[in-house]
Amino acid sequence: MAPAAVKNRHMPTRKPSAEIGAIGVTRTKLYVQETLGWIFRDQLDEDYGIDAHVEVVDGRDVRGRLLALQIKSGGSWFREKATDGWWYRPDPDHVRYWTNHALPVVVVLYNPATAVCHWQLVSEATLQRTTSDGWKIRVPEANVLDETAIPAWRTAADGSPYELRLRELRLARPWMEMLAQGTRLVLDFEEWINKSSGRGMVSVGVDREDGSGIQELVSWQFLFGPVNYGEAVPQLFAWADLDVHAETYDDAEYDQNLEERSVWDESDQVFAEPFSEGRPSREMARIRPYRNGAGEVDFYRLEMTLNELGRAFLVVDEFATNGRRQLTP
């Protein structure tokens, strides 16, 4: 057997189901962003039973109106016909999770034969019992993920300012709990300072403090409008105090100082003045970029600390959920 054949025999292969699943998420994202004109946020595996969040955008009106999506891809999801649609039988654990989720949940089925996504809201009206712990949901063929979905999705995501703020707090509870347990969370974002679109990426990650960098937990796109990100981003995390990530800014300030306060001869560099005297003051603006790229992009990295609102919400939510007056140690 040729060496190439031996090598190929041991190469890992991607399961067809995984490939179809990825295509389904990509198609859903495409329809949300290009057809609806809304914001699509991929979610990582730790959000059990949820593949993405969708944020409703009306012009520049972004008020935290979110939906959670469970996306299923493949022809197998379209085998059980129902009246004018198909039956989707979710895992009972998913149903329990969805009905207690901070956001309204939508099931999306992607049909690779037609390249069309069909959907259904998860609610008491659409969930039907089959056995003591079994459920099914009818996904209508007419529920296509295109412009016709906008009214129903917008209505499901809407709510009073009070309700929307509570949703945001419930959605952020896992991060609050991580901070309460001593995990260092950081917030990374980039601001395109010469563009007025207001679109940008924001990510939350864990500082593992072992020199291996930041482990990203989730990232998503935001639409702020023509505002300063250093002012706008902290408003999205009202339950946390934000300050510069010390290690990142120390390194950046050291490099800047080295560049600006050094002179070079043919053999070595010589500081024009003692480094300690020229180091930037700690009284600089608390929220500031640590570097700029080509005069176009400002980069921020901020450390999150649970504040009074975050601590109080954890206590209230624990009581509302489980009837306990204190958090479980």
Side-chain angles (χ1 to χ4, degrees), residues 39 41 43-44 46-48 50 53-56 61-68 97 100-105 157-189 191 198 200-207 209 214-225 227-246 248-249 285-289 300-329:
I39 295 172
R41 308 180 186 177
Q43 297 297 300
L44 299 183
E46 69 266 11
D47 197 351
Y48 179 76
I50 299 298
H53 293 160
V54 169
E55 183 164 12
V56 177
D61 179 17
V62 181
R63 298 185 289 120
R65 294 174 295 171
L66 298 167
L67 295 166
Y97 182 71
N100 289 287
H101 201 276
L103 301 178
V105 177
D158 213 348
S160 68
Y162 181 87
E163 291 171 323
L164 295 179
R165 292 186 190 114
L166 281 180
R167 283 184 194 174
E168 290 180 359
L169 290 173
R170 290 187 62 202
L171 198 61
R173 173 166 179 159
W175 299 336
M176 297 184 202
E177 291 175 332
M178 294 175 72
L179 290 174
Q181 294 165 5
T183 302
R184 290 186 70 186
L185 293 184
V186 297
L187 187 65
D188 278 294
F189 58 97
E191 178 178 10
M201 295 300 298
V202 178
S203 67
V204 176
V206 176
D207 184 346
E209 301 185 85
I214 305 299
Q215 176 190 358
E216 183 178 290
L217 295 177
V218 64
S219 65
W220 62 91
Q221 189 180 68
F222 266 111
L223 180 65
F224 294 112
V227 297
N228 180 280
Y229 276 29
E231 299 174 358
V233 171
Q235 297 178 22
L236 302 173
F237 302 88
W239 43 270
D241 291 330
L242 303 179
D243 204 345
V244 297
H245 182 256
T248 298
Y249 283 75
R286 193 164 62 90
I287 306 298
R288 64 187 189 276
Y300 297 76
R301 175 169 289 166
L302 308 178
E303 183 158 357
M304 311 173 78
T305 305
L306 195 64
N307 62 20
E308 184 179 24
L309 173 61
R311 292 191 295 271
F313 175 76
L314 287 178
V315 174
V316 171
D317 194 55
E318 179 70 15
F319 175 75
T321 302
N322 300 311
R324 291 193 289 264
R325 296 180 60 183
Q326 295 182 347
L327 292 175
T328 301

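- In this structure a side-chain-to-backbone donor-acceptor pair under 3.5 Å is missing from Asp158 to Arg65.
- Taking both residues in full, the closest heavy atoms of Pro174 and Arg170 are given as CD-O, 4.2 Å, listed atom of the first, atom of the second, then distance.
- For the side chain to side chain contact (heavy atoms under 4.5 Å, CB included) test with Leu306, the passing option among Asp241, Leu314, Leu185 is Leu314; the others fail.
- Rounding to the nearest 0.5 Å gives a distance of 16.0 Å between CD of Glu308 and CH2 of Trp239.
- The two atoms that bring Ala157 and Arg167 nearest to each other are O-NH1, 2.7 Å, heavy atoms only.
- Contact annotation: the side chain of Leu166 approaches that of Tyr162 to within less than 4.5 Å [non-hydrogen atoms, C-beta and beyond].
- Ion pairing between Arg173 and Glu177 holds under the 4.0 Å rule for side-chain N and carboxylate O.
- The CG atom of Asp243 lies 12.5 Å from the CG atom of Leu187; values are rounded to the nearest 0.5 Å.
- The CD1 atom of Ile50 lies 8.0 Å from the CG atom of Leu103; values are rounded to the nearest 0.5 Å.
- Annotation: the span from Arg301 atom CZ to Ser203 atom OG amounts to 8.0 Å, rounded to 0.5 Å.
- Here the straight-line distance linking atom CG of Leu242 with atom CE of Met304 works out to 6.0 Å at 0.5 Å rounding.
- Considering all non-hydrogen atoms of both residues, Leu179 and Thr305 come closest at CD1-C, 4.2 Å.
- Proximity of Glu55 to Leu66: side-chain heavy atoms (C-beta onward) are separated by under 4.5 Å at one or more points.
- In this structure, NE2 on His245 lies 4.5 Å from CD1 on Ile214, to the nearest 0.5 angstrom.
- Ile39 has its side chain out of reach of His53: every pair of non-hydrogen atoms, C-beta onward, lies at least 4.5 Å apart.
- More than 12 heavy atoms of other residues, nucleotides or ligands shown are found within 6.0 angstrom of CD on Glu209.
- You'll find the side chain of Tyr249 reaches within 4.5 Å of the side chain of Leu302, heavy atoms only.
- Inter-residue side-chain proximity for Asp207 and Glu303 is flagged as unmet; no heavy-atom pair is nearer than 4.5 Å.
- The two atoms that bring Met176 and Gly310 nearest to each other are SD-O, 3.9 Å, heavy atoms only.
- Annotation for Asp188 and Tyr300: closest pair OD1-O, 3.3 Å, computed over non-hydrogen atoms.
- At a threshold of 4.5 Å between non-hydrogen side-chain atoms, the residues Thr183 and Trp175 do not count as touching.
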